[in-house]
Colleague: 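Below is a structure I'd like to ask you about.
Order of listing sets the numbers, starting from 1, for every ligand and every atom in it. Numbers for residues simply follow the sequence, beginning at 1. These numbers were taken from a predicted model, which means no experiment stands behind them.
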Amino acid sequence: MTQVPDEPWARLLDAAREVARRAYAPYSRFQVGAAALVDDGRLVVGCNVENAAYGVTLCAECGLVSALHAGGGGRLTHFVCVDGSDRVIMPCGRCRQLLSEHGGPDLLVLARSGVTPMSQVLPDAFGPDSLGPG
Ligand code: THU
C-alpha cells in the first residue's frame, strides 16, 4: 500500500481488523470490519451480518453508521474497512452512498492506493442538498 501516515490510520486499521473477526458471514465466508473516527474524537466500528435470506445482509458500514447514531451522532472524518485477511477493501456502491451522507465530500477513506476523499470515492454524490429546491 502507498505510505500513509500512522495517525490516525494505524488505530483505525487495528479496530477494523479486530471487529472483522466478529463478522457473521457464514454464507460468503467474507468477513468485513469497518472503523471510523467521528468529529468529536469517538471511534465507531461495524462488521457485516449476513442472513439466510441473502439480500437481507447488512454490510459492515451499516453497523458502523448505526453505532455512529446510537453513540450520539456526529460526522465521520476518517474511514477504513478491511476483509478477513486484513486487507484494505473499498466500500461497495451502496455503502459509499451511506458513508457520504454521514461524512460528506471531505470524509477521508483509506484505499489501497492511499488516503482518498469521499469526493473522489463517490463523485457528484446525491445527498441531502439534492432534495432542496432546484
Ligand atoms: N460487504 C461489506 O460488509 N461491506 C462492503 O462494502 C462490501 C461487502 C460484505 C457483504 C457480504 O456479507 C460480504 O461482504 C460479501 O459480499
Colleague: Given Arg96, Glu50, Arg29, which has its nearest heavy atom closest to atom 12 (O) of ligand 1?
Modeller: Glu50

Colleague: Identify the residue among Leu107, Leu99, Thr116 that makes a side chain to side chain contact (heavy atoms under 4.5 Å, CB included) with Val121.
Modeller: Thr116

Colleague: Under 3.5 Å, is there a donor-acceptor pair between the side chain of Asn48 and the main chain of Phe30?
Modeller: yes

Colleague: Is any side-chain N of the basic residue among Asp83 and Arg17 closer than 4.0 Å to the acidic one's carboxylate O?
Modeller: no

Colleague: I need the atoms of ligand 1 closer than 4.0 Å to a non-hydrogen atom of Thr57, numbered in the order shown.
Modeller: 10 (C), 11 (C), 12 (O)

Colleague: So which heavy atom in the protein is nearest atom 9 (C) of ligand 1, and how far is it from that ligand atom?
Modeller: Asn48 ND2, 3.6 Å

Colleague: Is the count of non-hydrogen atoms from other residues, nucleotides or ligands lying under 6.0 Å from Arg29 atom CZ greater than 12?
Modeller: no

Colleague: Output the list of atoms in ligand 1 that are nearer than 4.0 Å to some heavy atom of Pro91, sorted by atom number.
Modeller: 6 (O)

Colleague: Please indicate whether Arg42 has more than 12 foreign heavy atoms, meaning atoms of other residues, nucleotides or ligands, lying under 6.0 Å from its CZ.
Modeller: yes

Colleague: Does atom 16 (O) of ligand 1 have any protein heavy atom closer than 4.0 Å?
Modeller: no

Colleague: Using salt bridge (Lys or Arg N to Asp or Glu O under 4.0 Å), reason through Arg11 and Glu7 one step at a time and then give a plain yes or no.
Modeller: CA-CA 7 Å; Arg11 181 167 165 239; Glu7 273 298 321; over 6 Å; no

Colleague: Which residue and non-hydrogen atom of the protein lie closest to atom 2 (C) of ligand 1, and at what distance in Å?
Modeller: Cys59 SG, 3.4 Å

Colleague: Over 60° means perpendicular and under 30° means parallel, so classify the ring planes of Tyr54 and Tyr27, tilted if in between.
Modeller: tilted

Colleague: Tell me, which protein residue and heavy-atom name are nearest atom 4 (N) of ligand 1, and how many Å apart are they?
Modeller: Glu61 OE1, 2.9 Å

Colleague: Please could you name the atoms of ligand 1 that Ala60 approaches to less than 4.0 Å, counting only its heavy atoms?
Modeller: 2 (C), 3 (O)

Colleague: Using a heavy-atom cut-off of under 4.0 Å, does the side chain or the backbone of Cys92 touch ligand 1, or both, or neither?
Modeller: both

